[in-house]
Amino acid sequence: MTAKYFAILTNQGAARLANAASLGTKLNLTQMAVGDANGVLPMPDPAQTKLINQQRIAPLNRLSVDPNNTSQIIAEQVIPETEGGFWIREIGLYDDEGVLIALANCPETYKPQMQEGSGRTQTIRMVLTVSSTAAVTLKIDPSVVLATRQYADDLMNNHVKAANPHAQYAPLASPVFIGTPTVPDTHIGNYGQQIANTKYVRDVIADYDGILPVGSPVAWPQATPPGGWFKCNGASFDKTQFPRLAAAYPAGVLPDLRGEFIRGLDDGRGLDAGRALLSAQSDELRSHNHRFINEYGTPTGKIIAFTDENSEKVDLTGQTGNRCHTYIYMENTGGAETRPHNIAFNYIVRAQ
């Protein structure tokens with residue numbers, strides 16, 4: 001039985017498709033037109049360059065390769081219920097340059113207008129067999145067309161079935177973020193699985209004394225302390241503005257650690273008894289003496305140099321003769337203080 005309804009490439013369409021296939025370029029199908037063929041069912045003519053009596057032309061809603069036949073292209077257009085008032089007997093497919101590429105006839109159908117008391121959304125579909133679907137750009141502009149129910153269902157089903165339907169975003173497993181992503185703020189103490197932003201991390205560090213309590217002195221290698229820190233130079237500070245620092249130093253005065261060593265509080269051990277926290281202590285040498293050994297092997301705290309015509313071994317008080325003696329003591333040596341080897345750092349204290 002001879003087919004009564006069919007679609008064909010026009011001469012211009014066939015030439016353009018062959019040229020695209022040979023050059024490796026693409027044929028861009030963009031619009032579909034419908035017409036009433038002046039009231040008579042037409043026979044598609046490849047020599048045609050336009051519809052017999054065009055009633056409407058608009059962008060395509062869908063353009064795809066038939067999954068059951070890869071040599072067939074399916075083009076669809078949705079006519080909304082707000083348009084109509086004409087019969088449809090002929091269909092034309094145009095490229096982006098306005099050239100009629102394919103032509104088809106169809107069983108006549110009337111597209112009513114709402115004003116006539118009836119209205120419907122109508123889908124017009126053309127199935128076109130070509131030699132190379134690779135030479136056709138299967139792309140439409142979704143901003144200017146309506147979607148069919150089947151198109152929307154297929155799109156959603158494919159989306160749901162996809163293992164990762166949002167490949168443009170970070171993967172679900174081991175995501176890597178770029179740019180400047182943001183996450184909601186959360187209160188300090190919320191240690192769950194929520195992602196922490198930089199503000200939360202800063203707040204936790206500022207609040208958590210377990211990292212480094214406010215008031216703790218730290219050796220700093222620069223002359224200027226970082227933000228939120230003070231020099232330990234004996235200066236006063238505002239206890240209202242820095243309440244946590246005031247908890248460590250209730251007098252509102254920082255310790256002066258310039259040129260000082262820090263010593264651990266004795267706390268009952270007995271090595272440095274009688275000391276209070278933050279009390280200063282001057283330098284001091286531990287009590288000791290220096291002894292000399294004379295020529296007789298006798299320890300003595302001083303050296304007596306003498307000559308005696310009676311005896312060089314015994315210093316006899318009151319013995320007659322010519323004699324003299326000189327007491328020799330140790331001289332003082334050293335500098336202005338007693339100190340070990342050291343390196344100078346700037347002591348600073350965390351203020352908040």
Side-chain angles (χ1 to χ4, degrees), residues 1-80 83-111 120-142 144-148 150-151 154:
M1 181 178 179
T2 303
K4 185 177 182 181
Y5 306 104
F6 57 92
I8 62 170
L9 287 171
T10 65
N11 294 335
Q12 288 182 318
R16 288 194 167 222
L17 185 62
N19 186 63
S22 63
L23 297 179
T25 58
K26 296 286 187 179
L27 182 62
N28 297 316
L29 302 178
T30 59
Q31 291 187 306
M32 179 181 287
V34 294
D36 64 6
N38 289 327
V40 179
L41 180 66
M43 293 298 292
D45 183 352
Q48 282 185 241
T49 59
K50 63 179 181 179
L51 297 185
I52 297 172
N53 189 30
Q54 180 175 296
Q55 295 293 325
R56 181 183 186 272
I57 186 169
L60 290 169
N61 290 84
R62 188 179 186 187
L63 187 64
S64 62
V65 174
D66 187 344
N68 299 318
N69 188 340
T70 57
S71 65
Q72 289 185 339
I73 293 176
I74 301 174
E76 291 183 353
Q77 183 186 92
V78 177
I79 304 176
E83 298 185 37
F86 51 80
W87 288 86
I88 300 175
R89 298 183 180 90
E90 54 181 342
I91 308 169
L93 197 58
Y94 290 81
D95 68 5
D96 56 353
E97 296 181 9
V99 175
L100 182 63
I101 301 299
L103 188 66
N105 60 1
C106 63
E108 61 180 11
T109 179
Y110 183 71
K111 178 63 175 71
R120 69 173 182 271
T121 298
Q122 186 162 342
T123 301
I124 305 298
R125 179 180 295 109
M126 177 190 291
V127 179
L128 183 66
T129 301
V130 296
S131 59
S132 175
T133 57
V136 179
T137 299
L138 304 178
K139 183 178 180 181
I140 61 172
D141 184 355
V144 296
V145 296
L146 298 174
T148 63
Q150 183 62 44
Y151 175 80
D154 291 346

Could you tell me the separation between the CG atom of N19 and the OG1 atom of T25, rounded to the nearest 0.5 Å? 6.0 Å
Those residues that, when tested against Q54, pass side-chain contact (heavy atoms from CB on, under 4.5 Å) (two or more places apart): A33, L51, I57, Y94
I91 to I124 - nearest heavy-atom pair and separation: CD1-CG2, 3.5 Å
Ring pair (Phe, Tyr, Trp, His ring centres under 6.0 Å) involving Y5 - partner list, sequence neighbours excluded: none
Give, for atom CE of M32 and atom CD1 of I79, the distance between the pair rounded to the nearest 0.5 Å. 9.0 Å
Nearest 0.5 Å, what's the CZ-CG distance between F6 and L128? 12.5 Å
N105: partners by side-chain hydrogen bond (donor to acceptor under 3.5 Å, both in side chains), with sequence neighbours left out: none
Which atom pair, heavy atoms only, marks the closest approach of I52 to P42? CD1-CB, 3.7 Å
Locate the shortest heavy-atom distance separating L93 from A75; write the atom from each residue and the value. CD1-CB, 3.9 Å
Using the side-chain contact (heavy atoms from CB on, under 4.5 Å) criterion, which residues pair with D66? Sequence neighbours excluded. N68, N69, Q72, I74
Out of curiosity, K111 NZ to R120 CZ, how far, rounded to the nearest 0.5 Å? 6.5 Å
I73 CD1 to T129 OG1 distance, which is reported to the nearest 0.5 Å: 9.5 Å
Ignoring hydrogens and geometry, is there a side-chain-to-backbone donor-acceptor pair from K50 to L100 under 3.5 Å? no
Could you tell me which residues satisfy side-chain hydrogen bond (donor to acceptor under 3.5 Å, both in side chains) with D45, sequence neighbours excluded, listed by chain and number? none
Can you tell me which residue pairs pass the salt bridge (charged side-chain N to carboxylate O under 4.0 Å, His left out) test with a partner in residues 85-95, sequence neighbours excluded? R16-D95, R89-E108
If you compare all heavy atoms of Y110 against all heavy atoms of W87, which two are closest, and at what distance to 0.1 Å? CD1-NE1, 3.4 Å
All heavy atoms of L17 vs all of L9, minimum pair found to be CD2-CD1, 3.9 Å
Applying side-chain hydrogen bond (donor to acceptor under 3.5 Å, both in side chains), can you list everything that pairs with Q12, at least two apart in sequence or on another chain? none
With Q55 via side-chain hydrogen bond (donor to acceptor under 3.5 Å, both in side chains) - residues at least two apart: D36
I want to check something: taking the side chain as every heavy atom from C-beta on, are I88 and Q122 in contact at a cut-off of under 4.5 Å? yes
Nearest heavy-atom pair of A58 and Q77: which atoms, and what distance? O-NE2, 2.9 Å
Are the side chain of T10 and the backbone of I101 linked by a donor-acceptor contact shorter than 3.5 Å? yes
Going through the checks in order, is the side-chain contact (heavy atoms from CB on, under 4.5 Å) test met by L41 and K4? CA-CA 10 Å; L41 180 66; K4 185 177 182 181; 3.6 Å; yes
Provide the full list of ring pair (Phe, Tyr, Trp, His ring centres under 6.0 Å) pairs with a residue in residues 43-80, sequence neighbours left out, each pair given once. none
Roughly how far, to the nearest 0.5 Å, is the CD atom of E83 from the CZ atom of R56? 4.0 Å
